[in-house]
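One-based numbering along the sequence shown. Remember, it's a predicted structure, so these values are computed and weren't measured experimentally. Computation of the quantities below employed the complete heavy-atom set of this structure, encompassing side-chain atoms and omitting hydrogens, waters and symmetry-equivalent molecules.
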Amino acid sequence: MASGFGLKGGEGRCYQVWLDFANCMKDASTPSACAAVRDDYFECLHQRKEIMRLNSVNQEYERQVKEANALEADVAQKLQKQTGKPMSDVKRYMGMVKQQAMESARQG
C-alpha cells in the first residue's frame with residue numbers, strides 16, 4: 001500500500017505512520033484494535049481534519065472582518081452626523097486614527 005518513497009525520492013510523509021499501522025495490524029488480535037492508528041494514517045494521507053480546521057478558522061476570520069467593517073461604517077456615519085463634515089473627510093480622519101493605533105501597538 002505504501003511504497004515509502006515520496007514525490008521527490010525521499011521517504012514519504014506518511015511512511016512512518018504506515019509502518020506504525022502495519023506493525024499494529026501484525027501484532028493485533030483484531031483489526032479494530034488498530035482503529036486509532038488507521039485513522040491517523042488516513043488523516044496523514046488526506047488531511048481532512050486539518051482542512052476542516054483551516055476552513056473554520058478562515059470563516060471566523062472573514063466573519064470578524066465583516067463585523068469590523070460594519071462597525072467602522074457605523075462609526076463613520078455617526079461621526080459625520082456629529083461633525084457635519086463630508087464623508088471623505090471623516091474616512092480620511094478615521095484612516096489616520098487607525099494608522100496611529102497600529103503604530104502604537106507595534107511600539108509597545
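- Aromatic ring pairs are classed by plane angle as parallel below 30°, tilted from 30° to 60° and perpendicular above 60°; the pair F21 and Y41 is parallel.
- K78 NZ to T83 OG1: the interatomic distance, rounded to the nearest 0.5 Å, is 14.0 Å.
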Check: residues 24-38 side-chain donor-acceptor pairs under 3.5 Å, at least two apart:
from: T30; atom 1: OG1; to: S32; atom 2: OG; distance (Å): 3.2

Inset, instruction - Any chance you could lay out the salt bridge (charged side-chain N to carboxylate O under 4.0 Å, His left out) test for E62 and K66, step after step, and finish with the verdict? - result: CA-CA 6 Å; E62 289 172 5; K66 283 182 184 178; 6.0 Å; no
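- Here the CH2 atom belonging to W18 is positioned 14.0 Å from the CG atom belonging to D40, to the nearest 0.5 angstrom.
- With hydrogens and angles ignored, the 3.5 Å screen pairs no side-chain donor or acceptor of D74 with any backbone N or O of A70.
- Linking ILVMFWY side-chain heavy atoms closer than 4.5 Å, directly or via other members, places F42 and I51 in two distinct hydrophobic clusters.
- Crowding of R48 atom CZ: a count of heavy atoms from other residues, nucleotides or ligands under 6.0 Å not exceeding 12.
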Legend entry - Derivation and outcome, side chain to side chain donor-acceptor pair (under 3.5 Å), residues Q107 and E103: CA-CA 6 Å; Q107 291 173 354; E103 288 173 3; 5.7 Å; no
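- By the criterion of side-chain heavy atoms lying less than 4.5 angstrom apart, applied directly or through intervening Ile, Leu, Val, Met, Phe, Trp or Tyr residues, M102 is not grouped with Y93; the two fall into different hydrophobic clusters.
- Among all heavy-atom pairs drawn from V90 and A76, the shortest one is CG1-O, 3.6 Å.
- The minimum heavy-atom distance linking L79 with M94 is given by the pair CD2-CG, 4.3 Å.
- At least one donor-acceptor pair under 3.5 Å links the side chain of E43 to the backbone N or O of E50.
- Note that NE2 of H46 and SG of C14 are 9.0 Å apart. Values are rounded to the nearest 0.5 Å.
- The CZ atom of R13 lies 6.5 Å from the CG atom of L45; values are rounded to the nearest 0.5 Å.
- Around CD of Q99, the count of heavy atoms belonging to other residues, nucleotides or ligands within 6.0 Å does not exceed 12.
- Annotation: the span from E60 atom CD to E67 atom CD amounts to 8.5 Å, rounded to 0.5 Å.
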